[in-house]
Amino acid sequence: MSKPLELPTMDMENKEVLRRIEVGGDMLLNMGPQHPSTHGVINFLVQTDGEVMKRAIPEVGYLHRSIEKIGERCTYNGFMPYTDRVDYIAAMFANQGWAIAVEKLLGLSVPKRAEYCRVIACELNRISSHLISVGTMAMDVGAVTPFPYALREREFINDLLEELCGARLTYNYLRIGGVAFDLPSGYADKVSTFLDHFEKILDEFNRLITYNEIFIKRLGHLAPIPAQMAIDYCLVGPNLRASGVNFDVRKQLPYSVYPEFQFDVPLGKGEVGTPGDSWDRFWCRVEEMRQSCRILRQALAQIPNDTQIMAKVPRKIKAPEGQEAYSRIESARGDMQYYVVAGPGENAHRVKIRTGSFTAMGIIDSLSRGLMIADLVALIASLDVVAPEIDR
Amino acid sequence: MQGFLDQLIRNAGHDPATWPWTQFVYLAAMGAVAFLVINFAAITAGIFSWAERRVAARMQSRVGPNRVGPGGFLQWIADAVKLLLKEDLVPDEADKVLFRAAPYFMMVGFACVFVTLPFSHRLIVADMNLGIFYILAVTALIVVGIIMSGWSSNSKWSLFGAIRSAAQIISYEIPAGMALMIPVLLAGTMSTQGIIRAQGGFPWQWYLFDNPAATAAFFIYFISALAEGNRTPFDLPEAESELVSGYNTEYSGMRFSYFFLVEWGNMWIMSALAVTMFCGGWQLPACPRSASMPSPAGRRCLPKSPRWRSSPARRFSSSSW
């Protein structure tokens with residue numbers, strides 16, 4: 001329904017282009033790299049006529065740490081802590097993507113209990129990541145109060161994950177072939193106590209902000225992404241599902257033990273506006289937290305009672321040179337993919353990480369036309385971009 | 001005020017008309033009063049900032065300032081001292097004269113309002129007969145300061161904030177001014193003291209409850225005051241998310257603290273004006289007017305002017321409602 005927009009290429013280095021913008025009566029506004037609402041160090045070159053934007057061009061690369069190159073220099077196990085830094089808000093998923101990729105490379109199968117531990121850790125992390133996302137989004141449209149509310153809940157999850165793996169942000173919990181630690185005693189009770197508490201909080205959060213009339217008026221109809229356009233721009237995760245495209249890697253390309261759980265995939269329906277608008281993206285994340293709670297309850301009930309949490313992994317991990325492996329997981333920010341080509345020694349020849357935030361940056365240029373400057377902030381927040389995940 | 005000073009001079013055994021130091025006594029008294037008023041404004045603004053931070057923190061399940069003094073009560077002093085000691089940066093590309101002058105314009109616009117705000121039947125710097133007009137006029141200086149600061153910072157973000165702020169304050173000044181005209185019509189005078197005297201100490205004697213038109217005007221004024229003070233439903237100019245802090249982004253140190261002082265103090269002024277115009281001012285229920293607050297000289301109140309009693313608007317209001 002929406003044909004790809006014709007985008008003139010704009011060379012950032014080309015001072016002539018920038019000058020022409022200003023001579024043409026428009027203002028060139030640098031939003032970033034040190035702007036708090038860009039969710040990290042991203043620069044947006046905004047061409048505006050007063051408050052109305054004509055274009056906003058994301059300029060990425062300020063947070064590039066060559067993580068992929070580091071992955072080619074480290075051993076397979078040694079790269080695991082670095083994957084935490086790919087997406088520090090949802091570090092567990094980056095761990096999992098790398099672990100699955102290397103396990104595919106080696107043909108390892110992971111013990112059942114370890115898979116359940118992974119799912120529990122990942123779903124807890126999905127909730128905490130979405131809490132940050134919805135909290136900051138509310139803050140970016142001007143409601144400061146929901147943000148500390150969301151962070152307060154996130155603290156409980158941080159405590160739970162700290163008990164599990166000793167870290168609150170960069171977990172480094174997964175190992176190739178399993179997980180580092182088994183669940184501590186009484187962990188299931190603690191998690192279900194939290195879930196009982198949290199599901200009530202979600203309802204409260206819905207009353208406070210999601211179905212708040214001001215919030216709906218602000219975000220309904222704002223920057224809608226039609227389904228075809230979302231597919232064309234390679235959007236993934238909640239951004240894609242908010243446009244009504246039913247694609248969740250956990251369902252469509254199942255990995256780990258996800259086929260054993262019952263859960264729904266919330267799809268944006270344009271409940272308060274156009275399908276795929278910013279409110280739908282927000283709502284999708286809130287609903288995904290509820291689904292994560294469902295998965296967690298099932299995982300805690302079904303976790304096998306054996307003690308094996310690590311597969312038999314050789315001390316020196318080596319794969320046949322040139323062998324490839326590809327893993328896809330549903331991260332909090334969508335389809336996260338790792339591509340590994342084994343090198344001759346104990347490290348990979350090539351590592352490629354494909355992240356959801358990076359592709360989400362591509363759509364901003366065409367969506368931003370005609371929006372206000374304040375809407376750009378809401379749009380970036382609704383796409384839930386995380387700067388380190390863009391640049392890696 | 002002058003009578004009180006003359007009395008003091010007479011008590012000291014001089015004739016104020018011929019004593020050569022009379023003018024100096026007047027000048028010193030003016031200086032002292034100005035010092036008191038401006039410090040009152042600064043202290044009120046400081047305490048208000050502490051109160052809002054504490055209350056907002058509780059609402060957002062945070063702690064808020066709690067280290068300096070009991071319950072963090074002295075936090076605003078610590079902040080003020082810190083801001084005073086900080087380096088006063090002026091951006092290289094800024095229009096230096098305007099950049100330095102802008103905070104003073106705002107301070108003047110803010111402090112001048114205190115001249116006609118009555119604290120008691122005698123505790124007022126000057127009871128002008130155009131008091132409300134004067135207040136509306138001097139508060140407009142704040143907009144000048146905002147535009148100056150936004151323009152001179154030579155930053156696009158500051159300019160955005162300044163334009164937004166100015167647009168908002170100017171547009172909401174109209175409903176606020178119109179709403180304030182209702183009590184003026186009811187009282188038949190523009191003097192703040194006159195308007196207070198036209199009301200009584202009891203709530204049912206306040207214009208707020210005395211007259212439906214004034215009740216409506218009060219709420220119009222309240223909403224406009226929120227907008228003029230850039231408070232939360234109307235905090236577009238500050239726009240934390242996209243403009244970060246608006247027109248004062250480039251400021252630091254003492255000049256920055258002036259902007260905050262004015263912002264918090266303005267809230268106080270808006271409330272004081274609402275009390276003066278709609279809620280009976282300094283009067284206490286069932287107390288004689290002179291007893292509401294001790295007069296500085298301990299003298300009796302001036303004979304009450306019967307003027308307001310005969311005002312047609314007053315007669316209309318008391319017979320109709």
Side-chain angles (χ1 to χ4, degrees), chain A residues 21-22 26-32 34-39 44-53 56 135-156 201 204 208-209 212-214 217-218 368 371-382, chain B residues 49 51-66 89 91 93 146-147 150-151 153-171 223 226-227 229-250 252 263:
Chain A
I21 286 178
E22 301 224 308
D26 291 335
M27 183 158 78
L28 179 71
L29 197 63
N30 272 298
M31 190 164 174
Q34 285 101 0
H35 194 285
S37 300
T38 53
H39 292 209
F44 289 89
L45 288 166
V46 187
Q47 179 186 355
T48 66
D49 180 9
E51 293 257 348
V52 182
M53 289 191 296
T136 48
M137 184 162 173
M139 193 163 74
D140 282 345
V141 298
V144 185
T145 311
F147 181 60
Y149 280 21
L151 281 201
R152 184 184 62 196
E153 300 313 314
R154 186 171 177 270
E155 278 304 298
F156 291 115
I201 294 284
E204 189 188 307
L208 174 70
I209 186 87
N212 187 320
E213 197 181 341
I214 303 171
K217 286 239 166 86
R218 179 76 177 82
S368 63
L371 294 182
M372 313 280 275
I373 289 178
D375 293 342
L376 177 63
V377 174
L379 170 64
I380 299 166
S382 79
Chain B
S49 76
E52 185 181 307
R53 285 167 72 182
R54 282 296 275 188
V55 173
R58 274 302 151 89
M59 286 163 67
Q60 298 170 357
S61 66
R62 294 184 285 120
V63 181
N66 70 341
L89 286 171
E93 303 274 304
I146 286 175
I147 295 204
W151 173 255
S153 297
N154 202 0
S155 149
K156 288 164 187 168
W157 295 103
S158 296
L159 188 60
F160 262 124
I163 299 282
R164 281 193 192 187
S165 202
Q168 178 168 306
I169 291 180
I170 289 174
S171 37
I223 293 167
L226 284 180
N230 295 343
R231 299 325 297 169
T232 285
F234 298 96
D235 60 349
L236 291 173
E238 213 175 304
E240 275 192 8
S241 46
E242 73 267 20
L243 300 189
V244 190
S245 142
Y247 52 87
N248 53 24
T249 313
E250 301 292 335
S252 62
E263 193 183 321

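Every chain is numbered from 1 and lettered A, B, ... according to where its sequence line falls, protein lines coming before strand lines. Worth saying up front: this structure is predicted, and the values here are computed from it rather than measured.
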| task | Answer yes or no: does atom CD1 of A:I214 have more than 12 heavy-atom neighbours from other residues, nucleotides or ligands under 6.0 Å? | result | no
| query | How long is the span from the CZ atom in B:R164 to the CD1 atom in A:I373, to the nearest 0.5 Å? | reply | 7.0 Å
| task | Please report the closest heavy-atom contact between B:S61 and A:P148, naming both atoms and the distance. | result | OG-O, 4.2 Å
| field | Heavy atoms of other groups near B:R58 CZ, more than 12 under 6.0 Å | value | no
| message | I need the minimum non-hydrogen distance between A:T48 and B:F160, along with the two atoms involved. | response | OG1-CZ, 4.5 Å
| message | Contact between B:Q60 and A:F147 at the side-chain level, heavy atoms closer than 4.5 Å - yes or no? | response | no
